[in-house]
Novice: 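Below are the structure tokens for one structure; questions will follow.
Values below: all heavy atoms of this structure, side chains included; hydrogens, waters and symmetry mates excluded. In this chain, numbering begins with 1 at the start of the sequence shown.
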Amino acid sequence: MDYSFLDFLTLVGSLGMFLYGMKTMSEGLQKVAGDKLRNILSVMTTNRFTGVLTGLLITAMIQSSSATTVMVVSFVNAGLLTLAQSISVIMGANVGTTITAWVISIFGFKVDISILSLPLIGVAIPLMFAKKSRNKSWGEFILGFAFLFLGLAYLKESVPDLQNNPEVLSFIRDYTSMGYGSLLLFMLLGSVLTVIVQSSSATVAITLIMCTQGWIPFEMAAAMVLGENIGTTITANIAAISANTSARRAALAHLMFNLFGVCWMLLLFYPFSEMVAKIVTKFGPGDPHEITNFISTLDPETVKQITSGEELTDPKLIALQKHLFSLQVSVSYGLSLFHTLFNLCNIALMIWFTNMYVRICSVIIKSPRETEEEEFQLKYISSGMLSTSELSLVQAKKEMAVYGQRVYRMMGMVKEILYETDDEKFLATFNRIEKYEQISDRMEVEIADYLTRVLEGRLSAEGKNNIRVMLRAVSEIESVADSCNNIAKTIKRRNDAKGRFTDEQNHNIEHMMALTDAAIVHMNDILDRQIGTREDVTLAYNLENEINSYRNLLKKSNIDNIDNKLYKYSDAIFYMDIISECEKLGDYVLNVVQAMIEKKL
């Protein structure tokens, strides 16, 4: 066989260039878009139909369904999207990814865009050295675009010459005439290729080339496209491995959606692919079925001449070249149309079963009771359009009450780890506290963003002032969560240093935590009622004074205890760090009460 190992490496290198181009282009666009992608996702997923449209638009824009689904999984993990919302976005991403095939079909076969690749790189390089990060991102996008089509051109040139290697051709042909067995085989091949390459768009490009070079008939290429729809779900499932239960469910829903789609398509495969071929034959340049037979009727030398890219003078060869080119274009259009129509039909059918997917995924991936509360989702604030101003304020206040309860649970976990001696249990609870702190940061941003949008609307002076004090309260609640996390970190540092507290120190910490606990409970009571009285303010100040006085007392006695060598100096540092952080926590709680009742900014 003439096909050498060097040729194989050239083929792999061409694929690598194509993949690198796609990755660079996608990342460049994501950087240009910045937080807009997150805003689009949060605003446009209010129902399943807008969710589908969102997934379609974002994937078409960043040219990667994998990037979109990974983004969706991370948003579900952070609680910004519900499972039902994520499923609709993923459905749209499946259609959005077909845009890549159309771009390749239109530009990759009709226009030799690789000629423009070097000039495009010339445009991209100065941008990549620009000071502005936005210009750098545009440079990355243009560079990626150039590499993508340069890689595609090399890929077309470096595929094995099957005319000169008939044994390879016969090997493939042996497996293309087994009916549904062949469909399943090539579908599996498409899935495996996509898993290996980690890009359904790249595998579609490979499939296009395989079919346009006459390797496989149109039906087998379409079967590979179906397999690629399954293979692409692997990326999201890998991304969800370390995520929470909801994110894993979102990734599973992606797999199930594509699997069910492929199952019903297999039942209608031949009539469906025939319909696509007829559409392309009628409105396109030719019949996509003809290409395999046409290439097989030509001798190897003729194929070499008409595909070399050199200018021909023989009218017969020119005619053959034109016909081959039109058939290649028809194949690329046919596969792109098949890919798009399949996903559109799948969405039209499956969108009505979104809630069923949610239920099935919830049954398969059960949520451990102890982590259920960690899967945060804004309960009262809608991610979409704002309600009327007054209702918006009520929703935000209810969300703040949920926020306060979350912080209180966080404090409960901090008390759990104070005496925990089992390293595994300690680490599990400590990780939950850190997870809560991350969710707390996200909640602050989401509620604050919402209130800022309400502030931009028509509001009275009193309404605007209410929002300002609510913004302060939200910030202070987040500070309470930070304090809880800091106390947990101090306890961990003490454990790592093999330190231990005396019974008196433990008793003092318990009493201080009981005081801060009472302060948080009182704060949450006010947030829950959404109204406070003068008595509430008085109680808050009394609790804060008690915390301050106790901190001062312990600070003084700590110095005496160190002098009397009742405990190590290092343990004294950990001890006072916890006491001081509890006192700070009390300050933050008082600030929330001041903001909500006294309207202090």
Novice: Taking atom types as modelled, find out whether Asp482 and Tyr588 have a side-chain donor-acceptor pair closer than 3.5 angstrom.
Specialist: no
Novice: Enter the distance from Glu416:CD to Arg432:CZ here, rounded to the nearest 0.5 Å.
Specialist: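 The CZ atom of Arg432 is 7.0 Å from CD of Glu416, to the nearest 0.5 Å.
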Novice: Give the minimum heavy-atom separation between Met576 and Lys555, together with the two atoms involved.
Specialist: CE-CA, 3.7 Å
Novice: Give me the atom names and distance for the closest heavy-atom approach of Ser191 to Ile230.
Specialist: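 It is OG-CB, 3.8 Å.
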Novice: Quick one: do Val592 and Val474 satisfy side-chain contact (heavy atoms from CB on, under 4.5 Å)? Show the steps, please.
Specialist: CA-CA 8 Å; Val592 174; Val474 168; over 6 Å; no
Novice: Looking at SG of Cys484 and NZ of Lys489, how far apart are the two atoms once the value is rounded to the nearest 0.5 Å?
Specialist: 12.5 Å
Novice: Is there side-chain contact between Asp587 and Glu544, with heavy atoms separated by less than 4.5 Å?
Specialist: yes
Novice: Under a 4.5 Å cut-off applied to non-hydrogen side-chain atoms, are Thr516 and Val589 in contact?
Specialist: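 They are not in contact (no side-chain heavy atoms under 4.5 Å apart), so the answer is no.
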Novice: Tell me whether the rings of Phe141 and Trp138 are parallel (<30°), tilted (30 to 60°) or perpendicular (>60°).
Specialist: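 It falls in the perpendicular class, over 60°.
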Novice: Within this structure, what is the CE-CZ distance for the pair Met596 and Arg472, rounded to the nearest 0.5 Å?
Specialist: 11.5 Å
Novice: Judged by atom type as modelled, is there a donor-acceptor pair below 3.5 Å linking the side chain of Asn561 to the main-chain atoms of Ser557?
Specialist: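 Indeed, once roles are kept as given, a pair shorter than 3.5 Å links the two residues.
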Novice: Cut-off 3.5 Å, side chains only: do Glu504 and Thr502 have a donor facing an acceptor?
Specialist: no
Novice: Any donor-acceptor pair under 3.5 Å linking the side-chain atoms of Glu546 with those of Asn542?
Specialist: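 Side-chain D/A pair, Asn542 to Glu546: absent.
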Novice: If you take all heavy atoms of Ala540 and Val593, which pair is closest and at what distance?
Specialist: CB-CG1, 3.8 Å
Novice: Taking atom CZ of Arg500 as the centre, report whether more than 12 heavy atoms of other residues, nucleotides or ligands fall under 6.0 Å from it.
Specialist: no
Novice: Think Arg494 forms a cation-pi with Phe501, using NZ or CZ under 6.0 Å from the six-ring centre and within 45 degrees of its axis?
Specialist: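 Geometry flag: set, cation within 6.0 Å and 45°.
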Novice: Start with the C-alpha distance between Ile360 and Met256, add both sets of side-chain angles, then the distance that settles side-chain contact (heavy atoms from CB on, under 4.5 Å), and finish with yes or no.
Specialist: CA-CA 10 Å; Ile360 292 172; Met256 284 172 54; 3.3 Å; yes
Novice: Before giving the answer on side-chain contact (heavy atoms from CB on, under 4.5 Å), spell out for Ile487 and Met513 the whole-Å C-alpha distance, their side-chain angles and the decisive distance to 0.1 Å.
Specialist: CA-CA 11 Å; Ile487 295 168; Met513 285 186 173; 3.9 Å; yes
Novice: Is any side-chain heavy atom of Leu585 closer than 4.5 Å to one of Ile520?
Specialist: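 Sidechains of Leu585 and Ile520: in contact.
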Novice: Between Ser475 and Leu471 (side chain of the first, backbone of the second, donor and acceptor by atom type, cut-off under 3.5 Å), is there such a pair?
Specialist: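 Not a single qualifying donor-acceptor pair exists.
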Novice: Using the side-chain contact (heavy atoms from CB on, under 4.5 Å) rule, pick out the option among Met400, Glu399, Gln438 that qualifies with Met443.
Specialist: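 Testing each of Met400, Glu399, Gln438 against Met443, the sole residue satisfying side-chain contact (heavy atoms from CB on, under 4.5 Å) is Glu399.
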Novice: Give a yes or no on this: more than 12 heavy atoms of other residues, nucleotides or ligands lie within 6.0 Å of atom NE2 of His511.
Specialist: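 Enclosed: over 12 neighbouring heavy atoms sit under 6.0 Å from NE2 of His511.
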Novice: Provide the closest heavy-atom pair for Ile547 versus Cys582 in the form atom of the first, atom of the second, distance.
Specialist: CG2-O, 4.3 Å
Novice: Is the closest side-chain donor-acceptor distance between Gln594 and Tyr541 under 3.5 Å?
Specialist: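 Result is yes, a qualifying pair exists.
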Novice: Under 3.5 Å, is there a donor-acceptor pair between the side chain of Asn552 and the main chain of Asn548?
Specialist: yes
Novice: Return the CD1 to CD1 distance between Ile597 and Ile526, rounded to the nearest 0.5 Å.
Specialist: 3.5 Å
Novice: Hey, are the side chains of Ile439 and Arg406 touching, using non-hydrogen atoms and a 4.5 Å cut-off?
Specialist: yes
Novice: State, to 0.1 Å, how close Ala572 and Ile562 come at their nearest heavy-atom pair, and which atoms those are.
Specialist: CB-CD1, 3.5 Å
Novice: Would you say the side-chain atoms of Ser580 pair up with the backbone N or O of Asp577, donor to acceptor, closer than 3.5 Å?
Specialist: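 Not a single qualifying donor-acceptor pair exists.
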Novice: For Asn564 and Asp560, indicate whether the former's side chain and the latter's backbone hold a donor-acceptor pair under 3.5 Å.
Specialist: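 It does hold such a pair.
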Novice: Find the distance between CG (Leu252) and CG (Leu259) and round it off to the nearest 0.5 Å.
Specialist: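 Between atom CG of Leu252 and atom CG of Leu259 there are 9.5 Å.
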Novice: For Glu478 and Ser440, does a side-chain donor sit closer than 3.5 Å to a side-chain acceptor?
Specialist: no
Novice: Would Thr452 and Asp449 count as a side-chain hydrogen bond (donor to acceptor under 3.5 Å, both in side chains) here? Give the steps.
Specialist: CA-CA 5 Å; Thr452 304; Asp449 281 352; 5.2 Å; no
Novice: Between the main-chain N or O of Glu476 and the side-chain N or O of Asn591, is there a donor-acceptor pair closer than 3.5 Å?
Specialist: no
Novice: What's the spacing between Ile573 CD1 and Ile578 CD1 if we round to 0.5 Å?
Specialist: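 Answer rounded to 0.5 Å: 12.5 Å.
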Novice: Going by distance alone, is a donor N or O of one side chain under 3.5 Å from an acceptor N or O of the other, for Asn558 and Tyr575?
Specialist: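 No, no side-chain donor-acceptor contact under 3.5 Å.
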Novice: With no hydrogens and no angle check, do the side chains of Tyr408 and Asp517 hold a donor and an acceptor under 3.5 Å apart?
Specialist: yes
Novice: Please give me the minimum heavy-atom distance between Ile491 and Val414, naming the atom from each residue.
Specialist: CD1-O, 4.0 Å
Novice: Side-chain contact, heavy-atom cut-off 4.5 Å: Glu140 with Leu143?
Specialist: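 No, every pair of side-chain atoms sits at 4.5 Å or beyond.
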Novice: Are the side chains of Ser88 and Thr354 in touch, meaning some heavy atoms are under 4.5 Å apart?
Specialist: no
Novice: Working note: Glu598 + Arg534, criterion salt bridge (Lys or Arg N to Asp or Glu O under 4.0 Å); need CA distance, chi angles, decisive distance, verdict.
Specialist: CA-CA 9 Å; Glu598 295 185 317; Arg534 191 67 236 171; 3.5 Å; yes
Novice: Report yes if the side chains of Met91 and His254 come closer than 4.5 Å at any heavy-atom pair, otherwise no.
Specialist: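 Counting from C-beta outward, Met91 and His254 never come under 4.5 Å.
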Novice: Could you check if a side-chain atom of Tyr550 sits within less than 4.5 angstrom of a side-chain atom of Ile579, using non-hydrogen atoms only?
Specialist: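 SC-SC contact between Tyr550 and Ile579 ruled out.
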Novice: Run the numbers on Glu434 and Phe430 for side-chain contact (heavy atoms from CB on, under 4.5 Å), then give the verdict.
Specialist: CA-CA 6 Å; Glu434 290 204 316; Phe430 180 78; 3.6 Å; yes
